[in-house]
Asker: 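Can you read through this structure? Questions will come right after.
Quantities reported herein were computed from a predicted structural model and do not represent experimental measurements.
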Amino acid sequence: MGGWAIAVHGGAGVDPNLPLQRQEEAKQLLTHCLNLGISALRSNASAIDVVELVVRELETDPLFNSGRGGVLTEKGTVELEASIMDGPNRRCGAVSGLTTVKNPISLARLVMEKSPHSYLAFDGAEDFARKQGVELVDNEYFITPENVGMLKLAKEANTIVFDYRIPIVGHETCGADTESPLQMNGLPINVYAPETVGCVVVDGEGRCAAATSTGGLINKKSGRIGDSPLIGAGTYASNICGVSCTGEGEAIIRSTLAREVAAVMEYKGLGLHEAVNFVIKHRLDEGQAGLIAVSNTGEVACGFNCNGMFRALATEDGFKEVNIW
């Protein structure tokens, strides 16, 4: 065993003109969450406990697009989704369409541990949450003034709305006559908020786990489900590795991106870094995305094919990195 390792992400796809204050806020939150996970690992917490702990913290802070601060649907509400996976036995739990559950990642874990199912959504997930006694809040708890404004822009514009949360692709204006440079499933999209959050951990026993949580896309259709709650797409963990993805959800789904990292390690014999690089280069189907990963030997890696990804990584041997670009 190579010791523990941990990685945290706050989304892929970053405006190159991201204000310095916003960069510093993101780095501070990532550092805080990374240190929270490190402290738990040093206290011999299991990988599955650590990924839940870290993602709960990210869901509670409105800075990124998960939990409080989740982006708004076309109806002006928040619909949250999350998934978690415990590598040793490939147990998993996922939830979608949550409107009152304060911490979706914890409900996902309860689906894994307290239900006969792997995935619950919408009314069924909310009913399960009430029966499990998890903390519930009004939907307004999740809504921030910033996201209200972003939804208004999304509804008014016929093109990309440039915001520090939205990647710029060589365009300086957001005029209504400008054609959207981003597409999803071959169709232009108006607004893309990439700031899904996730955490992957391998503990001192070599056990891997992964967790991912998001509010999805700004102005998304009510009922839309992205990659984050889909096991094998946005989240995957096995006895070999743990992976959490972020970025263009539809491309990640088509690529079964998280599972691909494990697959090329298993079937091609690649190491973690080689596997991450291979998958980012060859499996993204022209989508824009990124991922973080750990291996059962204590390695940590990240990869992305866009201009940046909010990320923080650390290993037991002293390596530590918090970066955006």
Asker: List the steps and the verdict of side chain to side chain contact (heavy atoms under 4.5 Å, CB included) for Leu291 and Leu257.
Answerer: CA-CA 9 Å; Leu291 62 86; Leu257 197 65; 4.1 Å; yes
Asker: Can you find a pair of side-chain heavy atoms, one from Arg109 and one from Arg91, that are under 4.5 Å apart?
Answerer: no
Asker: Using the side-chain hydrogen bond (donor to acceptor under 3.5 Å, both in side chains) rule, pick out the option among Glu24, Glu25, Gln23 that qualifies with Gln21.
Answerer: Glu25
Asker: What's the separation between atom CG in Leu72 and atom OG in Ser222, rounded to the nearest 0.5 Å?
Answerer: 12.0 Å
Asker: Within this structure, what is the CD-CZ distance for the pair Glu59 and Phe64, rounded to the nearest 0.5 Å?
Answerer: 13.5 Å
Asker: Residues two or more places apart in sequence or in another chain: which of them pass ring pair (Phe, Tyr, Trp, His ring centres under 6.0 Å) with His282?
Answerer: Phe278
Asker: Please list, chain by chain and in numerical order, all residues satisfying salt bridge (Lys or Arg N to Asp or Glu O under 4.0 Å) with Glu74, sequence neighbours excluded.
Answerer: none
Asker: Out of curiosity, does Val111 fall in the hydrophobic cluster containing Val134 (side-chain heavy atoms, cut-off under 4.5 Å, transitive links)?
Answerer: yes
Asker: With no hydrogens and no angle check, is any side-chain donor or acceptor of Asn307 less than 3.5 Å from a backbone partner on Val14?
Answerer: yes
Asker: Taking atom OG1 of Thr77 and atom CG of Leu80, what is their separation to the nearest 0.5 Å?
Answerer: 9.5 Å
Asker: Are any of the side-chain heavy atoms of Phe142 and Asn139 separated by less than 4.5 Å?
Answerer: yes
Asker: To the closest 0.5 Å, what do you measure between SG (Cys208) and OH (Tyr236)?
Answerer: 11.0 Å
Asker: With a 4.5 Å cut-off on side-chain heavy-atom distances among I, L, V, M, F, W and Y, is there a chain of contacts connecting Tyr119 to Phe128?
Answerer: no
Asker: Quick one: does Ile143's side chain get under 4.5 Å of Val78's, heavy atoms only?
Answerer: yes
Asker: Between atom OG of Ser118 and atom CE of Met85, what is the distance when rounded to the nearest 0.5 Å?
Answerer: 8.5 Å
Asker: Please examine the side chains of Arg254 and Glu248, heavy atoms only from C-beta on, and report whether any two atoms are closer than 4.5 Å.
Answerer: yes
Asker: Counting only heavy atoms not in Arg56 (residues, nucleotides, ligands), do more than 12 fall under 6.0 Å from its CZ?
Answerer: no
Asker: Working note: Glu81 + Val95, criterion side chain to side chain contact (heavy atoms under 4.5 Å, CB included); need CA distance, chi angles, decisive distance, verdict.
Answerer: CA-CA 5 Å; Glu81 49 194 18; Val95 289; 5.8 Å; no
Asker: Show me the pairs that pass salt bridge (Lys or Arg N to Asp or Glu O under 4.0 Å) and involve residues 299-315, at least two apart or across chains.
Answerer: Arg311-Glu321
Asker: Would Glu79 and Lys221 pass as an ion pair if we require N to O under 4.0 Å?
Answerer: no
Asker: Go through Asn35 and Lys320 one step at a time and tell me if the side chain to side chain donor-acceptor pair (under 3.5 Å) criterion holds.
Answerer: CA-CA 10 Å; Asn35 289 338; Lys320 190 173 185 180; 2.7 Å; yes
Asker: Would you find more than 12 non-hydrogen atoms of other residues, nucleotides or ligands less than 6.0 Å from Arg90 atom CZ?
Answerer: no
Asker: So for atom CG, which belongs to Asp123, do other residues, nucleotides or ligands contribute more than 12 heavy atoms lying within a distance under 6.0 Å?
Answerer: no
Asker: Distance only, no hydrogens: is a donor on one side chain within 3.5 Å (strictly under) of an acceptor on the other, for Glu126 and Thr100?
Answerer: yes
Asker: Assigning hydrophobic clusters by single linkage (Ile, Leu, Val, Met, Phe, Trp, Tyr; side-chain heavy-atom cutoff under 4.5 Å), is Val243 placed with Val300?
Answerer: no
Asker: When you look at Thr235 and Ser244, which way does the side chain to side chain donor-acceptor pair (under 3.5 Å) test go after all the steps?
Answerer: CA-CA 5 Å; Thr235 304; Ser244 175; 5.0 Å; no
Asker: What I want to find out is whether Glu266 reaches Arg259 closely enough, with some N-O distance under 4.0 Å, to be called a salt bridge.
Answerer: yes
Asker: Answer with yes or no whether the hydrophobic clustering places Val197 together with Leu34; edges join I, L, V, M, F, W, Y residues whose side-chain heavy atoms lie under 4.5 Å apart.
Answerer: yes
Asker: May I ask you to decide if Arg207's main-chain N or O and Asn239's side chain share a donor-acceptor pair within less than 3.5 Å?
Answerer: no
Asker: Any heavy-atom pair between the side chains of Asp203 and Leu41 that's under 4.5 Å?
Answerer: yes
Asker: Could you tell me the separation between the OG atom of Ser66 and the CG atom of Leu58, rounded to the nearest 0.5 Å?
Answerer: 6.0 Å
Asker: Starting from the C-alpha separation in whole Å, work towards a yes-or-no answer on side chain to side chain donor-acceptor pair (under 3.5 Å) for Glu52 and Ser106.
Answerer: CA-CA 7 Å; Glu52 181 189 10; Ser106 292; 2.7 Å; yes
Asker: Would you say the side-chain atoms of Asn65 pair up with the backbone N or O of Glu195, donor to acceptor, closer than 3.5 Å?
Answerer: no
Asker: Do Ile324 and Met309 come within less than 4.5 Å of each other through their side chains, counting heavy atoms only?
Answerer: no
Asker: Between Phe122 and Leu98, is a side chain to side chain contact (heavy atoms under 4.5 Å, CB included) present by the stated rule, with each step listed?
Answerer: CA-CA 6 Å; Phe122 298 94; Leu98 301 182; over 6 Å; no
Asker: Check the hydrophobic clustering (I, L, V, M, F, W, Y; side-chain heavy atoms under 4.5 Å; chains of links allowed) and say if Val200 and Phe304 are grouped together.
Answerer: yes
Asker: Does the side chain of Thr196 pick up a donor-acceptor pair with the side chain of Thr214 at under 3.5 Å?
Answerer: yes
Asker: Report the residue from Thr31, Leu29, Leu30 that forms a side chain to side chain contact (heavy atoms under 4.5 Å, CB included) with Cys33.
Answerer: Leu29
Asker: For a 4.5 angstrom cut-off between non-hydrogen side-chain atoms, does Asp86 reach Cys92?
Answerer: no
